[in-house]
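Shown next, in structure tokens, is the structure this report addresses.
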Amino acid sequence: MKALLCEDIIQAVGTGDTEIGSLPSGVGVERLRWDGSKLIDLAEATQIYVRHLSGNHFELHAVAVLGSQPVAMTWPERKNLTLVDGLIRLKTAEEIAAEYVAEHNGMLKANLRQGLCKGIGDAGDQMADINKMIYLLTEAVCGDATALAALQELVVEMRGTYSITISKAKLTANAATLKELVPPYYEAKLP
């Protein structure tokens, strides 16, 4: 069978000027490469030459081509390729786990934001409610009994919404970040 090639990548079959023989049954050309004498199924390779294209996009080859690097890997591991300081490599188990956690938590956060927008309103509405809580707290601290009673009722209604332990830990971490970032900001800020 004739094929149109770009380096070792099969662009099209049934056309072109390179005789590659018969395609293996049940194997798509997306993982087949021509090494100059025979077809190579990248699904059977343990080393693949990889060229970085852009972002998280890589091109896989059976032979060394300009700009490629040999990577000890299997076909299913292609989704774990990364480029770090010019070196193409597979992500570590820790990097894969961290990406999973970030993606999972990002989806949870997006779902929470959608739910809050649907139930409470957009970010501006939510900030207005925070300002109302601060106002009630300020009035209660200044001795307004009505504001204090309103806050006490709100605390009962909100009980269980936030974990005190998690809230304290997060706010403590935030306090450390604020201590690190805010004083230098105000010291450097021009009047």
Side-chain angles (χ1 to χ4, degrees), residues 30-31 48-60 67-191:
E30 72 277 354
R31 70 179 208 212
I48 298 175
Y49 289 87
V50 182
R51 177 166 44 203
H52 179 247
L53 299 176
S54 67
N56 291 325
H57 302 286
F58 298 89
E59 190 174 71
L60 307 181
S68 69
Q69 297 174 23
V71 178
M73 62 178 285
T74 62
W75 175 254
E77 290 175 313
R78 68 192 183 282
K79 65 182 180 292
N80 296 326
L81 286 166
T82 188
L83 178 70
V84 179
D85 297 327
L87 177 68
I88 300 170
R89 64 171 176 80
L90 292 173
K91 295 172 189 167
T92 65
E94 292 80 13
E95 289 170 324
I96 293 168
E99 283 182 359
Y100 171 80
V101 167
E103 184 178 321
H104 174 79
N105 289 346
M107 286 189 300
L108 288 175
K109 189 180 282 189
N111 289 340
L112 176 61
R113 282 184 181 143
Q114 286 178 347
L116 289 172
C117 283
K118 222 176 192 181
I120 298 174
D122 64 15
D125 293 331
Q126 293 171 42
M127 184 55 91
D129 286 345
I130 291 169
N131 287 333
K132 290 171 195 158
M133 290 289 285
I134 293 169
Y135 169 73
L136 286 175
L137 183 59
T138 304
E139 289 289 350
V141 167
C142 291
D144 186 306
T146 306
L148 180 60
L151 279 173
Q152 288 171 334
E153 289 176 27
L154 285 168
V155 166
V156 171
E157 287 295 320
M158 292 180 69
R159 191 160 280 141
T161 302
Y162 298 98
S163 158
I164 292 174
T165 305
I166 292 172
S167 296
K168 181 183 178 214
K170 180 64 178 161
L171 292 172
T172 300
N174 288 353
T177 301
L178 289 170
K179 283 181 185 176
E180 176 187 340
L181 298 177
V182 173
Y185 165 78
Y186 282 110
E187 289 168 10
K189 189 175 179 186
L190 298 175

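Since the model is a prediction, treat every value here as computed from it, not as a measurement.
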Whether Q126 side chain and G121 backbone form a donor-acceptor pair below 3.5 Å
yes
Restricting to non-hydrogen atoms, name the atom on L81 and the atom on K91 that form the minimum distance, rounded to 0.1 Å.
O-CE, 3.6 Å
Separation between CG of L60 and CD1 of I48, rounded to the nearest 0.5 Å
5.5 Å
Smallest separation among heavy atoms of L83 and F58, with atom names:
N-CZ, 3.9 Å
If only atom types and distance count, is the side chain of E139 paired as donor or acceptor with the main-chain N or O of A147 below 3.5 Å?
no
To the nearest 0.5 angstrom, please state how far the CD1 atom of I96 sits from the OG1 atom of T92.
7.0 Å
Within this structure, what is the NZ-OG1 distance for the pair K179 and T177, rounded to the nearest 0.5 Å?
11.0 Å
Can you see which heavy atom on L154 is nearest to which on M133, and at what distance?
CD1-SD, 3.7 Å
More than 12 heavy atoms of other residues, nucleotides or ligands under 6.0 Å from CG of L112: yes or no?
yes
Once rounded to the nearest 0.5 Å, what's the spacing between atom CG of N105 and atom CE of M107?
9.0 Å
Taking R78 for the side chain and W75 for the main chain, is one N or O donor matched with an acceptor at less than 3.5 Å?
yes
Step by step, would you call S163 with T165 a side-chain contact (heavy atoms from CB on, under 4.5 Å)?
CA-CA 5 Å; S163 158; T165 305; 3.8 Å; yes
Greater than 12 external heavy atoms within 6.0 Å of N56's CG:
no
Nearest 0.5 angstrom please: L137 CG to K132 NZ, how far?
16.0 Å
What verdict does the side-chain contact (heavy atoms from CB on, under 4.5 Å) test give for R159 and V156, after you've listed the backbone C-alpha separation in whole Å, the side-chain angles of each residue and the deciding distance to 0.1 Å?
CA-CA 5 Å; R159 191 160 280 141; V156 171; 4.2 Å; yes
Mind listing the closest non-hydrogen atom pair of E77 and T74 along with its distance?
OE1-N, 2.7 Å
Flag side-chain contact, heavy atom, 4.5 Å: T138 against V141
no
What is the distance from atom CD1 of I120 to atom CG of D125, rounded to the nearest 0.5 Å?
9.5 Å
Minimum heavy-atom separation for C117 and D122, please, with both atom names.
SG-CA, 3.9 Å
Would you indicate whether L171, at its atom CG, is surrounded by more than 12 heavy atoms from other residues, nucleotides or ligands within a distance under 6.0 Å?
yes
With the side chain counted from C-beta on, respond yes when R113 and L116 share a heavy-atom pair under 4.5 Å apart, and no when they do not.
no
Nearest heavy-atom neighbours spanning V50 and V71:
CG2-CG2, 3.8 Å
With no hydrogens and no angle check, is any side-chain donor or acceptor of E95 less than 3.5 Å from a backbone partner on N80?
no
